[in-house]
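Chain naming here is simple, since letters A, B, ... match the order of the sequence lines and numbering starts at 1 in each.
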Amino acid sequence: MATNEDLFRKIISHAKEYGYVFPSSEIYDGLSAVYDYGPFGSELKKNIRDYWWRSMVQLHENIVGIDAAIFMHPMVWKASGHVDAFNDPMIDNKDSKKRYRADVLVEDHLQKIEDKITKEVEKARQRFGASFDEKMFRETNPRVKEHQGKVEDIKKRLYGSLDKNDFAAVKALIEELGIVCPISGTRNWTEVRQFNLMFSTQMGSVNEDSGEIYLRPETAQGIFVNFLNVMKSARMKIPFGIAQTGKAFRNEIVARQFLFRMREFEQMEMQYFVKPGEEMKWYEFWKEERMKWHLSLGIPKEKYRFHTHEKLAHYANAAADIEFDFPIGFKELEGIHSRTDFDLGSHQKYSGKKLQYFDQETNESYVPYVVETSIGLDRTFLAVLSHAYREEKLDDGSERVVLGIQPMLAPIKVAVLPLVKKDGLPEKARLIMDRLVPEFRCFYEEKDTIGRRYRRMDAIGTPFAVTIDHQTLQDDTVTIRHRDTMLQDRIPSKEIAGIVRDKLAPGK
RNA sequence: GCGGUAGUAGCUCAGAUGGUAGAGCAUCAGCUUCCCAAGCUGAGGGUCGUGGGUUCGAUCCCCAUUUACCGCUCCA
């Protein structure tokens, strides 16, 4: 395990050193769990995104794309369940390190008082037998009345404070009531804090509470709210899919592990709308389809596995993750979820708009079921990068670090290198470069020895290096060096494009 | 978020028990022209993570803060 953590560290520093990934705002010490993609990283990320788009949208006639805004109407997050699920005030006990919902702690305390009341009532009932009037007893018994008064008082304060988001008052109440941690038995509490997974900001006038909007915590809702627009304008018939890629934001309590868990990240999602009852068929279809996609990245299947969810989220009736064997272990890369009609149904309820599909064959309309494929772009980037990274010991005893990224995804496809920077070699190299540049991302370099330049290209994962030497001036042949084997062929310069192009297909 | 550890040039690190820092590699310029890194000459680059305090004086002591890592917690 120690060596794997070591490997992970090496990949992170390699990513920084070679312009793949930088800590955000690094000159100001960085911003926790936020990263920027550099010159080569942004190319790799874009190549992965483009390949996904091509696979999902371009190659499926019944899948279309959209690009929804990050800002959405606040009601969207009510309907999706995000607002209610993450508005709880939390408090930690510093001794037991346990976290509780502050309101639940107080409510538990209230329950104890209620129990006392019940006990009094039961005692009295036994004493008075059949003639016992519970209502009368509750209204007149001084002890019960006192307890009851306390309960009312506490409830008023608790819910009053919660409504005003006055968490200091909630903590004061907990301290005043002498509530102790059930585990440590101490009153050593932290402040009461709210952990809302969604980032919020103000839209328009800032002086009204109603101006608060959220940055989307997932891209899926942008697809659901556009369901009708897309279906009508693109004249889609079920089953059909809507795809999009884009940023999402989650205010994770603990965000760590480099690109794996970031507060700002990019998703690539496709929501597939199907006839209710057929969802399991499509769920299985997309599980298989998506796994094939991963394998086409040139990564062996031992690196992947499915993880089927036992405990299902409120919106799902089946769910599986595709996990990848990162240096930090097998972790989720993509989710394939059968979301039923939860989302469309909920939006239908909250918006009052009919989100249904009219089936011409059966003459009936229904709310479609949804099978979702949702993949993390940054995580896929990390998977590609960590699989590609390798250190090699060469026969001559030297070492090299190579990014064995498959050519289709590599940031730079071809390096153009004059063997020396005189005798007209740079000029000749430029001519060859000019012919390649319109089709391939190229990199020209004449500084340093040829060996050092090869190593630099290995380190950023460039699959081909074309070297122009003195013979090139005579017969227009060059040597083309292959990154992974380090072998060279001498070929006419006209053939370079064909050889490179041939390797840019998936799986090569 | 809690606890622990760390933060000296782009990278890897050294340093003095408080008197304002150095190496190798890298970078840049020139020479060398050599098909798989580390040839020669020269140059640039650090308010020792940031802010405050103690002190005649702090990179070194104290406090706060930030970032990273490890453990816990969390992850609809």
Pair A:Val371-A:Phe285, side-chain contact (heavy atoms from CB on, under 4.5 Å): steps then yes or no
CA-CA 10 Å; A:Val371 174; A:Phe285 173 83; over 6 Å; no
Taking the six-membered ring of A:Tyr454 (Phe, Tyr or Trp), confirm whether the NZ or CZ of A:Arg481 is under 6.0 Å from its centre and within 45° of its axis.
yes
Atom NZ of A:Lys421 and atom P of B:rG30 are separated, to the nearest Å, by 6 Å
Can you confirm if the aromatic rings of A:Phe440 and A:Phe464 lie within a centre distance of less than 6.0 Å?
no
Determine the interatomic distance between P on B:rA64 and the same-named atom on B:rG1; round to the nearest Å.
15 Å
Taking CZ from A:Phe8 and C1' from B:rC70, how many angstroms apart are they, rounded to a whole number?
14 Å
B:rA38 to B:rA6 separation - P atoms, rounded to the nearest Å
38 Å
Return the orientation label for the A:Tyr304 and A:His294 ring planes: parallel under 30°, perpendicular over 60°, tilted otherwise.
tilted
Could you pull out the protein-nucleic contacts involving nucleotides 50-52 of chain B (nitrogen or oxygen on both sides, under 3.5 Å)?
none

Nearest-Å distance once atom P is located in both B:rC62 and B:rG22
26 Å
Matching residue for A:Thr219 among A:Glu266, A:Gln271, A:Gln267 - test: side chain to side chain donor-acceptor pair (under 3.5 Å)
A:Gln267
What orientation do A:His307 and A:His309 show, parallel under 30°, tilted 30 to 60°, or perpendicular over 60°?
tilted
Looking at A:Phe306, I'd like to know if the NZ or CZ of A:Lys287 sits under 6.0 Å from its six-membered ring centre while staying within 45 degrees of the ring's axis.
yes
For A:Lys422 and for A:Arg339, find the nucleotide of RNA chain B with the closest heavy atom, then tell me which residue's nucleotide is more 5'.
A:Lys422
Give the nucleotide from the list B:rA68, B:rC69, B:rC75 with an atom nearest to the side chain of A:Arg256.
B:rC69
Less than 4.0 angstrom between a side-chain N/O of A:Lys447 and OP1 or OP2 of B:rU27, yes or no?
no
Using 30° and 60° as the class boundaries, would you call the ring planes of A:Phe224 and A:His347 parallel, tilted or perpendicular?
tilted
Contact nearer the 5' end of RNA chain B, comparing A:Arg261 with A:Arg456
A:Arg456
A:Tyr35 has a side chain; which of B:rA76, B:rG71, B:rA68 sits nearest to it?
B:rA68
What is the nucleic acid contact for A:Ala465, judged by heavy atoms within less than 4.0 Å: base, sugar-phosphate only, or nothing?
nothing
Spacing of the C1' atoms in B:rA21 and B:rA9 (rounded, Å)
11 Å
Say you pick atom P in B:rU20 and the same atom in B:rG39; how far apart are they, in whole Å?
36 Å
All ring pair (Phe, Tyr, Trp, His ring centres under 6.0 Å) counterparts of A:Phe71, not counting sequence neighbours:
none
4.5 Å side-chain heavy-atom contact, A:Leu425 and A:His470:
yes
For atom CE of A:Met198 and atom C1' of B:rC74, their distance in whole Å:
17 Å
Sugar-phosphate only, base, or nothing, as touched by A:Lys331 at under 4.0 Å among non-hydrogen atoms:
nothing
Rounded to the nearest angstrom, tell me the gap between atom CZ in A:Arg9 and atom C1' in B:rU5.
12 Å
Span that lies between the C1' atom of B:rC61 and that of B:rC48, in whole angstrom
16 Å
Pairwise N/O distances under 3.5 Å, protein to nucleotides 34-39 of chain B:
from: B:rC35; atom 1: O2; to: A:Tyr454; atom 2: OH; distance (Å): 2.9
from: B:rC35; atom 1: O2; to: A:Gln488; atom 2: OE1; distance (Å): 3.3
from: B:rC35; atom 1: O2; to: A:Gln488; atom 2: NE2; distance (Å): 2.7
from: B:rC35; atom 1: N4; to: A:Asp469; atom 2: OD2; distance (Å): 2.6
from: B:rC36; atom 1: O2'; to: A:Arg455; atom 2: NH2; distance (Å): 2.8
from: B:rC36; atom 1: O2; to: A:Arg481; atom 2: NH2; distance (Å): 3.2
from: B:rC36; atom 1: N3; to: A:Arg481; atom 2: NE; distance (Å): 2.7
from: B:rC36; atom 1: N4; to: A:Arg481; atom 2: NE; distance (Å): 3.4
from: B:rC36; atom 1: N4; to: A:Met486; atom 2: O; distance (Å): 2.6
from: B:rA37; atom 1: OP2; to: A:Asp396; atom 2: OD2; distance (Å): 3.3
from: B:rA37; atom 1: OP2; to: A:Arg455; atom 2: NH2; distance (Å): 3.2
from: B:rA37; atom 1: O2'; to: A:Arg452; atom 2: NE; distance (Å): 3.4
from: B:rA37; atom 1: O2'; to: A:Arg452; atom 2: NH2; distance (Å): 3.1
from: B:rA37; atom 1: N7; to: A:Arg455; atom 2: NH1; distance (Å): 3.4

When all nucleic acid strands are considered with a 4.0 Å heavy-atom cut-off, which category describes A:Glu446: base, sugar-phosphate, or nothing?
nothing
Nearest-Å distance for atom pair OH/C1', residues A:Tyr18 and B:rU27:
13 Å
Taking salt bridge (charged side-chain N to carboxylate O under 4.0 Å, His left out) as the definition, give me every residue that meets it alongside A:Lys353, ordered by chain and number, with sequence neighbours left out.
none
What distance, rounded to whole Å, do you find between the two C1' atoms, one in B:rU50 and one in B:rU59?
13 Å
Report the stems of RNA chain B as range-with-range entries sorted by first number; a stem here is at least three consecutive pairs, Watson-Crick or G-U wobble, both distances under 3.5 Å, and write none if there are none.
B:1-7 with B:66-72, B:10-13 with B:22-25, B:27-31 with B:39-43, B:49-53 with B:61-65
Just by distance, do the side chain of A:Tyr20 and the backbone of A:Ile460 share a donor-acceptor pair under 3.5 Å?
yes
Which whole-number value in Å describes the distance from A:Phe258 CZ to B:rC70 P?
13 Å
Side chains of residues 250-261 of chain A: which donor-acceptor partners sit under 3.5 Å, not counting sequence neighbours?
from: A:Arg250; atom 1: NE; to: A:Pro217; atom 2: O; distance (Å): 2.9
from: A:Arg250; atom 1: NH2; to: A:Pro217; atom 2: O; distance (Å): 3.3

For B:rA76 versus B:rC2, give the span between their P atoms, rounded off to a whole number of Å.
22 Å
Using whole Å, report how far CE of A:Met262 lies from C1' of B:rC75.
16 Å
Starting at atom CD1 of A:Ile12, determine the distance to atom C1' of B:rC70, rounded to an integer number of angstrom.
13 Å
With distance as the sole test, does A:Lys421 use its side chain to make a donor-acceptor pair with the main-chain N or O of A:Lys447 at under 3.5 Å?
no
Compare side-chain N and O positions of A:Arg453 against OP1 and OP2 of B:rU33 and report whether any pair is under 4.0 Å apart.
no
